[in-house]
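Below is one structure, written out as structure tokens; the observations come after it.
Throughout, protein chains are lettered first and strands after them, A, B, ... in sequence-line order, and every chain is numbered starting at 1.
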Amino acid sequence: MSETCTNRSGMARPDVGGSRWPPSTRARCSRGRLRSRAFAPAPCARPPDLPARRGGSRRDGPHVGPTLDGAGTGRRPRPRPTAARTRRRGPAADAGTVPSIMTSLLVTGRTHSCGALRADHVGNDVVLLGWVHRRRDHGGRIFVDLRDREGLTQVVFGPDIDAAAHEAADKLRSEFCIGIAGKVIARGDNANPNLPTGAIEIEASTLEIFSQADTPPISVADDDRIDTGENLRLRYRYLDLRRPSLQKNFITRSKIAFVTRRTMTEQGFLELETPYMVKYTPGGARNFLVPSRLNPGTFYALAESPQIFKQLFMVAGFDRYFQITRCFRDEDLRNDRQPEFTQIDVELSFATPERVFEVMERLVANLWREVLGVEIPTPLPRLSWAEAMGRYGSDKPDRRFGLELVELTAQVAGSGFRVFEQAACVKGITVPAAHAAPLTRSQLDKLTDFVKKRENGGAKGLAWARIGDDGSFVAPFAKSMSEAAHKAIVAQMGAQPGDVLLFIADTWHTVHQVLCALRLELRDLLQLVPADARRWEFLWVTDFPLFEQRDDGTLVAAHHPFTSPRTDQLELLHSDPGKVLAQAYDLVLNGNEIGGGSIRIHRSDVQARVFEILGLSQAAAQQKFGFLLEAFKYGPPPHGGIALGLDRIAMLMTGATSLRDVIAYPKTQKGQDLMTLCPTPADDAQLEELFIRLRPLPGAKEGGESTEPSA
RNA sequence: GGGGUGGUAGUUAAGUCGGUUAUAACGCCGGCCUGUCACGUCGGAGGUCGCGGGUUCGAGUCCCGUCCGCCCCGCCA
């Protein structure tokens, strides 16, 4: 990267060219004092009418709370907004003119949420507290949709209901935070069937404005109607989070956490905590580093996961552990990846894979039943890694649709078609006639381009065939291939008239990678999974390979180095370690990996052999994991566990399309928090205390530019 | 590190081949309105076209650089 010095300041002020703050705030800085006076609320003169006293209160005049212009007559000098950028709305109350809290509806408290009232409540005197969602002013009637996290309730103001409250309601604007007191009345013919509270409304006798609001940069009321840019949403995250759709997500997320805690506790698991600041572990995901002031020159790492600590809990005899915990990984972000994320972390002693599955299946069943009202049949289906790869080309197959991969290598041997004959592996997908209509010649050309792309696996090409109504085999390469091969392919793929057959011939790896990508592309292209279909295809993928081979031929742990081989394959560990299968498993939902785990090694001889295969010397293993190996000298129980990605589960359960919609304060793709403008350079004094000196930053000019934030 | 895509009023977007005063909707401000519920209606204000540089008589538009958002590869369970 060549932009880091400017980049450093850019981190502090992402939009270096423009002003960081919206015009309204700039206006506030220069004219705030004057404007504040104009909007100074009147002190509260008398206690509010409490609902119980409402009957006799109207004559006394309502408590109108602090109003915008005192008496609302505009007698106070009100500076005319002259500059283009001046906003109408000033900041909230000046200090010193805050109304006495003793007179506030705050003291009365709310009687109901804004989503609670129904026809049954007609006649009740109620107090509601919330935000102005929308205001509709008809002169003699002002309607306000009052919003809190539970819903919307229509409040109506009128001169005949309460003149002063009606007059004050004239000043209400979007997102003012207010309280109202009044009587629930039936709406009769005017009921709004689109609102759960639509059968009733509140005739407001009291209005209290807790705080005013500038015109918000994000329209809370329009919620899903306007797709506000991600940068604005993140800068004003607290407004974004006011949107009912996001509130729903976080209410769901909270339920998920609650049901998890209850279900795990019911199953005998203890909720135990592990440190976030831990020993740096090389390998795996990149760690965030935390310098230690008390130990100059040394660093903690932020935990990638509680992995080792939960295993030590097993050594400690806690038997069953779970934790809803944050994990930190300094890797590039994605739509479904954040640098800090939350895991449901689980470990149990005397574990077998089935015992882990049983526990997690109960959790899944409870979550879907209690959060979504959906029954998930258990046990969940299982598929070995080898079968998943063979049938779907993926270790996290989306099984909401078919299009399974069909092995054709044997069928095309000796077919005469060189492209197929010479390939190490040939596989195909059958697109049934019912879905094949969009696969026109030009569309097939596009799919050919698709499979050639590097990110999709980089196949050399896509071979296709169409089965004619008479069963004929129609393909560009048909004449290059024997009739017998046509028949063999059709038979193997179970092709019917009208079907379109797609083939990839290449290395085993390429064929599976490409067909996996192609399969998912066809899912979207042919709309094989309707977006509104709430289908939940869970799957355990089991028996992962213990090791993966790197390009240089060395083996690395596919899961992590403490993963146990299958007990029936300990011999292979010596004879052919590359073939050893692990007691490792993933939980997959609709093509998303939502969890993964393994049975751990508890035998020191097996662990030693695995380290040996990984090329880890005894000394190196001792240095990295000495404390764990030492612990395993003292009677470790056989154990294993799993971690579920809470964020991804929340994303799928809420139907959110991004992790950012289920994480309250997420980071951007560059890992920045646009609301707090983080990260920022550190004070030199702070660095000095840590004995840290910055190296020249990439792109820095000689002599170095200031890295101080310019804001 | 790489590929793609976007940045125009408070917001969401349009802006043709480089050419008059940069449009629209919503929002905002003022007036009217007693049954709306995305209220209606009349009037008004509102722009550093992300930023910097260049080409040109002339740049929102073309070129170079840069910042930021998003999607993806690499990376990462």
What integer distance in Å separates [X]:[atom1] from [N]:[atom2]?
| X | N | atom1 | atom2 | result |
| --- | --- | --- | --- | --- |
| A:Gln338 | B:rC75 | CD | P | 21 Å |
| A:Ile226 | B:rC26 | CD1 | P | 11 Å |
| A:Lys171 | B:rG30 | NZ | P | 9 Å |
| A:Arg134 | B:rC37 | CZ | P | 11 Å |
| A:Arg135 | B:rU34 | CZ | P | 14 Å |

With a 4.0 Å limit, can you tell me whether [X] has a side-chain N or O closer than that to the phosphate oxygens OP1/OP2 of [N]?
| X | N | answer |
| --- | --- | --- |
| A:Arg136 | B:rU36 | no |
| A:Arg337 | B:rC71 | no |
| A:Lys670 | B:rG69 | no |
| A:Arg286 | B:rC75 | no |

Does [N] have a Watson-Crick or wobble mate here (both distances under 3.5 Å), and if so which one?
| N | answer |
| --- | --- |
| B:rG60 | none |
| B:rU5 | B:rG69 |
| B:rA24 | B:rU12 |

Identify whether any heavy atom of [X] sits under 4.0 Å from a base atom; if not, whether one sits that close to sugar-phosphate; answer base, sugar-phosphate or nothing.
| X | result |
| --- | --- |
| A:Asp137 | base |
| A:Gln307 | nothing |
| A:Arg334 | base |

Is [X] side chain donor-acceptor paired with the [N] base, going by distance under 3.5 Å alone?
| X | N | answer |
| --- | --- | --- |
| A:Arg233 | B:rU11 | no |
| A:Glu201 | B:rG35 | yes |
| A:Asp214 | B:rG10 | no |
| A:Asn231 | B:rC70 | no |

(message) Apply side chain to side chain contact (heavy atoms under 4.5 Å, CB included) to residues A:Arg326 and A:Phe328 and explain how you reach the verdict.
(response) CA-CA 7 Å; A:Arg326 206 58 74 79; A:Phe328 306 88; 3.7 Å; yes

Exercise. Is A:His138 stacked on the base of B:rC39, meaning ring centres closer than 5.5 Å and planes within 30 degrees of each other?
Worked result: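 Ring-base stacking flag set for A:His138 and B:rC39.
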
Side chain of [X] - closest among [options]:
| X | options | answer |
| --- | --- | --- |
| A:Thr215 | B:rU11, B:rC28, B:rC71 | B:rC28 |
| A:Arg141 | B:rC72, B:rU34, B:rA77 | B:rU34 |
| A:Gln672 | B:rG10, B:rC68, B:rC70 | B:rC68 |
| A:Phe143 | B:rU36, B:rG30, B:rC33 | B:rU36 |
| A:Arg660 | B:rC71, B:rC75, B:rA77 | B:rC71 |

Counting the benzene-type ring for Trp, do A:Tyr585 and A:Phe357 have ring centres under 6.0 Å apart?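 Under 6.0 Å, so yes.
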
A:Val556 and A:Phe547: side chain to side chain contact (heavy atoms under 4.5 Å, CB included), yes or no, with the steps? CA-CA 5 Å; A:Val556 294; A:Phe547 303 108; over 6 Å; no

So, does A:Asn456 use its side chain to make a donor-acceptor pair with the main chain of A:Val451 at under 3.5 Å?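 Side chain of A:Asn456 to backbone of A:Val451: no pair is present.
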
Return the 5'-most residue of the pair A:Asp222, A:Gly229 with respect to RNA chain B, ranking by each residue's nearest nucleotide.
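Result: A:Gly229.
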
Pairing of A:Arg243 and A:Asp223 as salt bridge, 4.0 angstrom limit
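So A:Arg243 pairs with A:Asp223 through a salt bridge.
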
Option from A:Asp647, A:Asp240, A:Asn249 for which side-chain contact (heavy atoms from CB on, under 4.5 Å) with A:Asp661 holds
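Result: among A:Asp647, A:Asp240, A:Asn249, A:Asn249 is the only option passing the side-chain contact (heavy atoms from CB on, under 4.5 Å) with A:Asp661.
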
